[in-house]
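Structure, as structure tokens:
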Amino acid sequence: YAALTRRVACPDGVNTATNAACCQLFAVREDLQQNLFHGGLCTAEAHESLRLTFHDAIAISPALEAQGIFGGGGADGSIAIFPEIETNFHPNIGLDEIIELQKPLVARHNISVADFIQFAGAIGASNCAGAPQLAAFVGRKDATQPAPDGLVPEPFHTPDQIFDRLADASQGEFDPILTVWLLTAHTVAAANDVDPTKSGLPFDSTPELWDTQFFLETQLRGTSFPGSGGNQGEVESPLAGEIRLQSDHTIARDSRTACEWQSFVDNQPKAQQMFQFVFHDLSIFGQDINSLVDCTEVVPIPAAPQGHTHFPAGLSNADIEQACAETPFPTFPTDPGPKTAVAPVPKPPPA
Ligand code: HEB
Ligand code: CA
């Protein structure tokens, strides 16, 4: 079969592609790696580009449409086309920065804003060792109007609110189990705006690695806040310097999702394959797949996973808040030495 797949030579004289529409992406990839991701790093810009894919795509609501109200266009670039409107929606706090950083890159290429947002997220994730190769499509139609407010989940929402919102946006595809799959993204993540006194607070001890520490560390008993307490959407974390979202905490302990959450711990292939699957679908919400071209071949295969699943120093199975009733929590070695603090993810310099 391989012999039947005819590749086209790209006008750049260097690359070939299965579809000519993918050729333009080689230059976009190079621009992203050199001028946004510091030569190919899994830093804050990569994390924020991945978060942006979600906040653009999830803003679509068939439930609103059924009431005759415009429900948003999903992965249509609206968040970056109407930033003065959508970045003022509360859950989109902080995304104005990555939109501003991406803006000159979008302008340099012949690509829709909708395609650019999802492609930047896929390339950003590919810089994180252990990540899956995420889907890249071109041909999305750009938004002509902003999404309505109220469609992006908040960390203080209940599991029911979050499950209902994801089910609506996905026309029933994203159930509570697939919601857990989506949250794998929080393995390469930090919060800048949940605690107004601190920025770059990671969700796990390895925000530069696409590993399963996020699923293990969210199951540990929370003991303190990394900064100020009493912030909406934040609960106590087990480690100095680490932040825990209330939504991650409650979904990790909800009887519908606790065993699925635990099943990701030390299951690197699952953390890759399940996110690869849900990102593929999320990244084309509101678009017609038949009018898109699959250019996933342009996304680099990420580096192999690094490290091994472990309890951070000073913590062990005794600190696990067991939530899955069916299966005991697996045993792992504890890092040597005294309890240490997790370092913040440095903020990107402004555009
Ligand atoms: Fe996420 C981050 C929430 C889902 C991705 N998050 C984040 C934060 C929050 C959230 C709050 C922080 C922000 C600041 O800065 O402060 N999420 C959330 C919720 C949900 C989610 C509630 C539902 C459940 N995510 C998600 C998904 C995804 C994501 C699905 C994918 C796509 N996030 C993300 C990331 C991050 C975040 C990547 C990081 C960013 C940075 O680092 O900057
Ligand atoms: Ca991690």
Side-chain angles (χ1 to χ4, degrees), residues 42-58 75 90-98 101 117-118 121-122 124-125 128-131 134 151-159 161-166 169-170 174 176 178-196 198-218 227 231-234 242-252 254 257 264 268 271 274-276 278-283 285 305-307 309-310 342 344-348:
C42 179
T43 45
E45 295 86 345
H47 304 165
E48 285 166 10
S49 295
L50 183 60
R51 178 176 173 227
L52 187 62
T53 67
F54 176 56
H55 290 236
D56 191 32
I58 202 64
H90 186 266
N92 292 340
I93 187 167
L95 286 171
D96 52 320
E97 293 170 21
I98 191 65
L101 290 169
I117 287 177
Q118 300 300 324
C128 309
L134 297 180
L151 299 181
V152 181
E154 294 268 24
F156 49 83
H157 285 164
T158 63
Q161 284 176 297
I162 292 171
F163 297 155
D164 288 351
R165 179 75 275 281
L166 292 185
S170 65
F174 289 173
L178 270 67
T179 302
V180 174
W181 300 3
L182 280 163
L183 282 167
T184 310
H186 284 176
T187 186
V188 291
N192 295 312
D193 295 293
V194 175
D195 179 341
K198 298 251 177 185
S199 74
L201 294 169
F203 293 171
D204 75 3
S205 58
T206 55
E208 70 295 340
L209 300 180
W210 193 285
D211 57 11
T212 68
Q213 285 301 122
F214 167 70
F215 291 103
L216 180 149
E217 292 172 27
T218 46
N231 299 304
Q232 201 184 24
E234 181 186 5
E242 183 170 295
I243 195 167
R244 181 179 292 171
L245 298 181
Q246 183 185 311
S247 49
D248 291 339
H249 179 89
T250 51
I251 293 172
D254 189 284
T257 42
F264 275 83
Q268 184 69 27
M274 302 307 159
F275 190 78
Q276 185 178 52
V278 288
F279 181 86
H280 173 283
D281 291 5
L282 176 71
S283 75
F285 273 9
Q306 281 173 28
T309 308
H310 61 275
V342 180
V345 175
K347 272 199 95 173

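Just follow the structure's listing: the first ligand is 1, and inside any ligand the first atom is 1. Scope of the values below: all heavy atoms of this structure, side chains included, with no hydrogens, waters or symmetry mates.
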(request) If you have a sec, work out which protein heavy atom is nearest atom 36 (C) of ligand 1 and how many Å separate them, to one decimal? (result) Ala189 CB, 3.5 Å
(message) Check this for me - ligand 1, Asn192, N or O atoms closer than 3.5 angstrom, yes or no?
(response) yes
(request) Can you pull out the closest protein heavy atom to atom 38 (C) of ligand 1? Residue, atom name and distance to 0.1 Å, please. (result) His47 O, 3.2 Å
(message) Is the shortest side-chain heavy-atom distance between Cys128 and Leu209 below 4.5 Å?
(response) no
(request) Give a yes-or-no answer on whether the side chains of Asn192 and Glu48 include a donor-acceptor pair shorter than 3.5 Å. (result) yes
(request) Flag Ser247 as yes when one of its N or O atoms lies below 3.5 Å from any N or O atom of ligand 1, and as no otherwise. (result) no
(request) Drop me the distance from Ser247's OG to His249's NE2, to the nearest 0.5 angstrom. (result) 11.0 Å
(request) Can you pull out the closest protein heavy atom to atom 11 (C) of ligand 1? Residue, atom name and distance to 0.1 Å, please. (result) Pro155 CG, 3.6 Å
(message) Return the closest protein heavy atom for atom 3 (C) of ligand 1 as residue, atom name and distance.
(response) Leu245 CD1, 3.6 Å
(message) Nearest 0.5 angstrom please: Glu45 CD to Ile98 CD1, how far?
(response) 6.0 Å
(request) Would you kindly specify which portion of Leu182 sits under 4.0 Å from ligand 1, judged on non-hydrogen atoms: side chain, backbone, both or neither? (result) both
(message) Regarding ligand 1, does Ala190 bring an N or O atom to under 3.5 Å of one of the ligand's N or O atoms?
(response) yes
(message) Does any part of the side chain of Gln246, heavy atoms only, come nearer than 4.5 Å to the side chain of His157, both counted from C-beta?
(response) no
(message) I want to check something: taking the side chain as every heavy atom from C-beta on, are Phe203 and Val188 in contact at a cut-off of under 4.5 Å?
(response) no
(message) Below 3.0 Å, can you find an N, O or S atom of Asp204 next to the Ca ion (ligand 2)?
(response) yes
(message) Quick one, Ser205 with Glu217, criterion side chain to side chain donor-acceptor pair (under 3.5 Å). Give me CA distance, side-chain angles, the key distance, then yes/no.
(response) CA-CA 8 Å; Ser205 58; Glu217 292 172 27; 2.6 Å; yes
(request) Pick one of side chain, backbone, both or neither for how Val345 approaches ligand 1, counting any non-hydrogen atom pair under 4.0 Å. (result) neither
(request) Would you please indicate yes or no on a ring centroid separation below 6.0 angstrom for Phe279 and Phe54? (result) no
(message) Any heavy-atom pair between the side chains of Leu245 and Val194 that's under 4.5 Å?
(response) yes
(request) Please identify which atoms of ligand 1 are closer than 4.0 Å to at least one heavy atom of Glu154. (result) 22 (C)
(request) Please report the C-alpha distance between Glu208 and Thr43 in whole Å, then the side-chain angles of each, then the deciding distance to 0.1 Å, and finally whether the side chain to side chain contact (heavy atoms under 4.5 Å, CB included) criterion is met. (result) CA-CA 7 Å; Glu208 70 295 340; Thr43 45; over 6 Å; no
(request) Please report which non-hydrogen protein atom sits nearest to atom 23 (C) of ligand 1, along with the residue it belongs to and the distance in Å to one decimal place. (result) Pro153 CB, 3.8 Å
(request) For atom 32 (C) of ligand 1, find the nearest protein heavy atom and state the residue, atom name and distance (0.1 Å precision). (result) Phe54 CB, 3.5 Å
(request) Provide the closest heavy-atom pair for Phe215 versus Leu183 in the form atom of the first, atom of the second, distance. (result) CZ-C, 4.4 Å
(message) Could you measure the distance from the CG atom of Leu134 to the OG atom of Ser283? Nearest 0.5 Å is fine.
(response) 8.5 Å
(message) Check this for me - ligand 1, Glu48, N or O atoms closer than 3.5 angstrom, yes or no?
(response) yes
(message) Looking at ligand 1, would Gly233 count as a contact under a 4.0 Å heavy-atom criterion?
(response) no
(message) Need the ligand 1 atom indices (1-based, order shown) with element for anything under 4.0 Å from a heavy-atom of Val194.
(response) 11 (C), 16 (O)
(request) Compare all side-chain heavy atoms of Phe163 with those of Thr257 and state whether any distance is below 4.5 angstrom. (result) yes
(message) Could you check whether any side-chain heavy atom of Phe264 comes within less than 4.5 Å of a side-chain heavy atom of Met274, counting everything from C-beta outward?
(response) yes
(message) For ligand 1 and Asp193, I'd like to know whether there is a polar contact (N/O to N/O, distance under 3.5 Å).
(response) yes
(request) Please could you name the atoms of ligand 1 that Val188 approaches to less than 4.0 Å, counting only its heavy atoms? (result) 38 (C)
(request) Given ring pair (Phe, Tyr, Trp, His ring centres under 6.0 Å), test Phe275 with Trp210 step by step and report yes or no. (result) CA-CA 11 Å; Phe275 190 78; Trp210 193 285; 5.0 Å; yes
(request) Kindly report the OD1-the Ca ion (ligand 2)-O angle for Asp211 and Leu209 respectively, rounded to 10°. (result) 90°
(message) Test of understanding: given a 4.0 Å heavy-atom threshold, classify the contact between Phe279 and ligand 1 as side chain, backbone, both, or neither.
(response) neither
(request) Determine, considering heavy atoms only, which of Ala185, Pro202, Ala191, Ala125 sits nearest to atom 12 (C) of ligand 1. (result) Ala191
(message) Please work out, at 4.0 Å between heavy atoms, whether the side chain, the backbone, both, or neither of His157 comes within that distance of ligand 1.
(response) neither
(request) Compute the angle centred on the Ca ion (ligand 2) spanning OG1 of Thr187 and OG1 of Thr206, and express it rounded to 10 degrees. (result) 140°
(request) Determine, stepwise, if the pair Thr187 / Asp211 fulfils side chain to side chain donor-acceptor pair (under 3.5 Å). (result) CA-CA 6 Å; Thr187 186; Asp211 57 11; 2.9 Å; yes
(message) Students should be able to answer this: which protein heavy-atom is nearest to atom 8 (C) of ligand 1, and at what distance?
(response) Phe203 CZ, 3.8 Å
(message) Quick test: of every protein heavy atom, which one is nearest to atom 35 (C) of ligand 1, and how far off is it to 0.1 Å?
(response) Arg51 CB, 3.6 Å
(message) Looking at non-hydrogen atoms alone, which of Gln232, Arg165, His186 comes nearest to atom 1 (Fe) of ligand 1?
(response) His186
(request) Check Asp248 against ligand 1 and report side chain, backbone, both or neither, counting heavy atoms closer than 4.0 Å. (result) neither
